[in-house]
There are 2 protein chains.
Amino acid sequence: MSTEPEKWILMATARSPTNIAVIKYWGKRDETLILPINDSISITLDPDHLSATTTVAVSPSFESDRMWLNGKEIALTGGRYQNCLREIRNRAGEVEDQEKGIRIRKEDWGRLHVHVASYNNFPTAAGLASSAAGFACLVYSLAKLMNAKEELGELSSIARQGSGSACRSLYGGFVKWKMGSDANGSDSIAVQLASDTHWKDLVVIVAVVSSRQKETSSTSGMRESVDTSTLLEHRAKVVVPSRIHQMEEAIKNHDFASFAQLTCADSNQFHAVCLDTRPPIFYMNDTSHRIINLVERWNQHEGTPQVAYTFDAGPNAVLIAPNRKVATLLLQRLLFYFPPPPENDLTSYILGDRSILHEAGVQSPKDVETLVPPPEAKDKVPNKRYAGDVSYFICTKSGKGPMLLTDEDQALISSETGIPKIVT
Amino acid sequence: MSTEPEKWILMATARSPTNIAVIKYWGKRDETLILPINDSISITLDPDHLSATTTVAVSPSFESDRMWLNGKEIALTGGRYQNCLREIRNRAGEVEDQEKGIRIRKEDWGRLHVHVASYNNFPTAAGLASSAAGFACLVYSLAKLMNAKEELGELSSIARQGSGSACRSLYGGFVKWKMGSDANGSDSIAVQLASDTHWKDLVVIVAVVSSRQKETSSTSGMRESVDTSTLLEHRAKVVVPSRIHQMEEAIKNHDFASFAQLTCADSNQFHAVCLDTRPPIFYMNDTSHRIINLVERWNQHEGTPQVAYTFDAGPNAVLIAPNRKVATLLLQRLLFYFPPPPENDLTSYILGDRSILHEAGVQSPKDVETLVPPPEAKDKVPNKRYAGDVSYFICTKSGKGPMLLTDEDQALISSETGIPKIVT
């Protein structure tokens, strides 16, 4: 190295979105390489509302690889982090910063330790695919730092080895993770089906559902499903391939009715397979069921799908409306059945793009109280309201893929000390 | 007819058990004849605790077919009642009661109207297969009244046309409903696998779970599953046939571990198919899930199945223990997690065979309060208790099939008036 050792710190910071699968990934054919048993399709969510920001730094002064998640140091010993680091190091290029007097040759990367700081702009434990955003961001920022000039597809295959669904967060818009067939996983990569501008009317509302149950991790859950469910193989081999094809068509043609029908059916089938696992896995709870029933009654009343719902490995609902008008009607329904608890104000109850509240005519908790039951509820069910069963809603939309943040103010690691600016 | 018209009344009274499927029936291949898409296996429950009692009467003075259920008159226009009536009338024989001076020839039955009174010794609306007990009892008592000398198998095929699972209530013990292959349904009958004395150590505890949801009827639910689930056909054609074989072996060999594993897996798969239906059907709620988790944690802790669970088209759990010792441990666990609500005493909270309470060392609500968490709960879950989530428990066992009640005191219809003794 051509500069005074022990002094310089080189950094890169990126922001990566999370994503929600509309055709679900459930089951691996290879646990180590994280190779799935079927294709999956997702929507990338707007990073303004749901994303990870990650700063990666190298310096000859760093004595080991270290990582901080939301300001708290975590062990980097997990094989998944090491796999991502190793794969990017193997692809690292030459880096020269003449201003700072730094020159790193390819062969130097193996000797340089990294510091990683990552931060989610949404609750990490809420079951909102934080690991997808996190691993996508780690791989993307490391690739930028180490000048690994790989295509996004190849980076997606590395992110996949951190967390399967992370590979889909390398692109914005609509993304397909192709299961591939190679034993080494080289063709198990993400491809973009359409950018975030292709179907930009879609509105996404996430309902973060309060849960008192300890949940099965998706890693162990899908392993148990592969081992014990007598329905999963039929799903993966027969049902999903046809749905993937239909979903690609629906997205291409902005066919919301088909999109919604496939999204709901595939979410329900994923949870059906969980229930068919030994011991059975329950990710949805009574609140999740109520949200589904709310949507199904509405869809049935209108005779055509108004809204799609999908649930990942937890009770949270992700609701997708075809446009702002329907999203407004949805938010009114959600607030009618799930008003904020008495002590809560709307600012902490509706997050993300709050402008939709204005269109819904709801400015205060008082306005929520005066909401009337939706027409489809008449005579069907008692209009019970469930304050406290939803923690909060996030209003968002489809968004872009990872981006580099070049403003040093946005870096999470201090360029002086090499450790996070904020440590908790 | 050889007696003074308009005067005499001829009656028969029978009692029939309900049954709980351990390999589930879900889906018809013929809606009218009620022909299933797979075999099923059930346990007949003790009629002392869960049964229907039915009195059927004929008289030349009756002007129409009428029926009272639990003292309330209901319409007999439903095709299912008419089908059962017609099939028995077609098989009616000659009846002579010299004492009363009654002689009914085969051809007279078509002109005689019947009065039917039926009573369940358990709550009808609680989702405890009251229609299975009811139709079995209707067919059995009509056959006795009309001297239809059919084998139980043929009667089961008639009861099947009232309510599919009713055919399994024609026998005690363990019963298989063979799906059959004839288009006219003649070979879709129940057969007894083993009598109620074959595996008499088994103890059954039913948890009647409080529910606020309106439930999908099983008739429309299974129709929607057949029409929309992409997993049901695979279940019916591939999974169930192998499970039926294994279940028969497990019953034959008193192999509780296999019995429990198959029972739980098949209940879960039935509910998985419901979830895979469009719109999805949820019969189990958070309380059902908690009961399953309680059993699964216990089974896992012991390394071998202690207890089996199974759920029909509703949130109620049917729990099966291999013997009284394990049933006592089960009841302690159930009462720990689901104590009676404060205003409730144990007499209305534990129904059926209450002797097991004594063995569990629980005599009063005070004893329930002092129950300690089970060993498998340690450090796993917070020991939250859910008073009010279970309405009551019924302790019972496997029991006998239908029986004729010859004591006229047990008849539900007055031999003087031809209408029920008690009308509400």
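Each chain gets a letter, A, B and so on, in the order the sequences are listed, and its residues count up from 1. As the structure is a prediction and not an experimental result, all values here were calculated from the model.
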Using 0.5 Å steps for rounding, measure from the [atom1] atom of [X] to the [atom2] atom of [Y].
{"X": "A/Leu231", "Y": "B/Leu231", "atom1": "CG", "atom2": "CG", "result": "5.0 Å"}
{"X": "A/Asn285", "Y": "B/Arg290", "atom1": "CG", "atom2": "CZ", "result": "9.0 Å"}
{"X": "A/His289", "Y": "B/Ile281", "atom1": "NE2", "atom2": "CD1", "result": "12.0 Å"}
{"X": "B/Ser229", "Y": "A/Asn268", "atom1": "OG", "atom2": "CG", "result": "10.5 Å"}

Exercise. B/Ile292 versus chain A, heavy atoms under 4.5 Å apart: side chain, backbone, both or neither?
Worked result: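 The side chain, not the backbone.
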
Exercise. Can you say whether B/Glu296 sits under 4.5 Å from chain A via the side chain, the backbone, both, or neither, judging by heavy atoms?
Worked result: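 Only the side chain of B/Glu296 comes within 4.5 Å of chain A.
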
For this session: Decide side chain to side chain contact (heavy atoms under 4.5 Å, CB included) for A/Thr230 and B/Arg243; before the verdict, give the C-alpha distance in whole Å, the side-chain angles of both, and the deciding distance to 0.1 Å.
Result: CA-CA 11 Å; A/Thr230 55; B/Arg243 284 186 179 166; 3.6 Å; yes

For this session: Give the C-alpha distance, both sets of side-chain angles, the deciding distance and a yes or no for side chain to side chain contact (heavy atoms under 4.5 Å, CB included) between B/Phe282 and A/Asn293.
Result: CA-CA 10 Å; B/Phe282 311 109; A/Asn293 287 337; 3.7 Å; yes

Exercise. Name the one of A/His271, A/Arg235, A/Gln269 that satisfies side-chain hydrogen bond (donor to acceptor under 3.5 Å, both in side chains) with B/Asp276?
Worked result: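 Answer after filtering A/His271, A/Arg235, A/Gln269: A/Gln269.
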
Problem set entry | Stepwise side chain to side chain contact (heavy atoms under 4.5 Å, CB included) check, B/Met284 with A/Leu275 | CA-CA 11 Å; B/Met284 296 198 290; A/Leu275 186 42; 3.9 Å; yes

For this session: Describe, in one word, how the ring planes of B/His234 and A/His234 are oriented to each other, choosing from parallel (under 30°), tilted (30 to 60°) and perpendicular (over 60°).
Result: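 Rings of B/His234 and A/His234: parallel, as their planes differ by under 30°.
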
Please indicate whether [X] has more than 12 foreign heavy atoms, meaning atoms of other residues, nucleotides or ligands, lying under 6.0 Å from its [atom1].
{"X": "B/Glu31", "atom1": "CD", "value": "yes"}
{"X": "B/Lys28", "atom1": "NZ", "value": "yes"}
{"X": "B/His254", "atom1": "NE2", "value": "yes"}
{"X": "B/Glu249", "atom1": "CD", "value": "yes"}

